[in-house]
Amino acid sequence: MKFEEIKDYVKARKEKEHILRKQIDEKYQMLVDGGFSSDTAYKMLAGKSIDFKTLKRWHRKETVRPTTSTFEKLTNLIENEYS
């Protein structure tokens, strides 16, 4: 892999992560403000795409770097208007 390809890949991954974090922050806050518990909110956000505990650890930044397969599952949560 050439340096430019790596640079582009890393940039794209960071952009996706930023978009997803923003979306999760907004949706999570709405759910918690709506009276749902923290775990229930994460379960609703994760759906069947990924384990809610994985989403919770990633969102709370307890997981420093998710594996590539986990990151792909997380990016599946990005809504179409942002991807």
Side-chain angles (χ1 to χ4, degrees):
M1 208 177 221
K2 294 183 180 182
F3 180 75
E4 287 300 318
E5 292 173 334
I6 294 170
K7 191 174 167 182
D8 291 342
Y9 176 79
V10 170
K11 183 179 177 183
R13 184 172 169 146
K14 285 184 179 185
E15 287 174 4
K16 286 181 182 178
E17 186 172 351
H18 176 73
I19 291 168
L20 182 60
R21 281 196 189 277
K22 183 178 176 184
Q23 286 183 359
I24 297 293
D25 288 342
E26 292 171 1
K27 293 175 183 178
Y28 174 80
Q29 196 58 50
M30 280 193 288
L31 289 168
V32 171
D33 290 347
F36 293 96
S37 71
S38 178
D39 281 352
T40 302
Y42 282 116
K43 285 177 186 176
M44 292 171 74
L45 292 170
K48 300 205 184 267
S49 298
I50 192 166
D51 181 56
F52 85 94
K53 293 175 188 174
T54 302
L55 176 64
K56 182 177 170 180
R57 283 192 301 269
W58 176 80
H59 185 242
R60 292 181 175 182
K61 298 182 180 176
E62 295 170 6
T63 301
V64 179
R65 288 183 218 132
T67 63
T68 301
S69 63
T70 301
F71 186 75
E72 289 172 3
K73 290 176 185 175
L74 284 168
T75 56
N76 288 335
L77 297 174
I78 295 176
E79 290 192 21
N80 293 338
E81 69 229 35
Y82 294 99
S83 58

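Only this structure's heavy atoms are used, side chains among them; waters, hydrogens and symmetry mates stay out.
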Could you grab the distance from atom CD1 of I6 to atom CD of E4, nearest 0.5 Å is fine?
-> 10.0 Å

Cut-off 3.5 Å, no hydrogens considered: what does the side-chain donor-acceptor table look like for residues 33-40, sequence neighbours left out?
residue: D33; atom: OD1; partner: Q29; partner atom: NE2; Å: 3.0
residue: S37; atom: OG; partner: T40; partner atom: N; Å: 3.2
residue: S37; atom: OG; partner: T40; partner atom: OG1; Å: 2.8
residue: S38; atom: OG; partner: Y28; partner atom: OH; Å: 2.9
residue: S38; atom: OG; partner: R60; partner atom: NH2; Å: 3.0
residue: D39; atom: OD1; partner: K56; partner atom: NZ; Å: 2.6

OH (Y42) and CG (L45) are apart, to the nearest 0.5 Å, by 8.0 Å

Enter the distance from K27:NZ to K22:NZ here, rounded to the nearest 0.5 Å.
-> 12.0 Å

For T68, the side-chain contact (heavy atoms from CB on, under 4.5 Å) test, sequence neighbours excluded, returns Y9, R13, E72

What do you reckon, is NZ of K16 surrounded by more than 12 foreign heavy atoms closer than 6.0 Å?
-> no

Considering only heavy atoms from C-beta outward, does the side chain of L20 approach that of W58 to under 4.5 Å?
-> yes

Where is the tightest heavy-atom contact between R21 and H59, given as atom of each residue plus distance?
-> NH1-O, 3.4 Å

Cluster check I78, I24: I/L/V/M/F/W/Y, side chain < 4.5 angstrom | yes

If you measure from CG on L55 to CG on L77, what distance do you get to the nearest 0.5 Å?
-> 6.5 Å

Straight-line distance of D51 CG to R57 CZ, nearest 0.5 Å | 7.0 Å

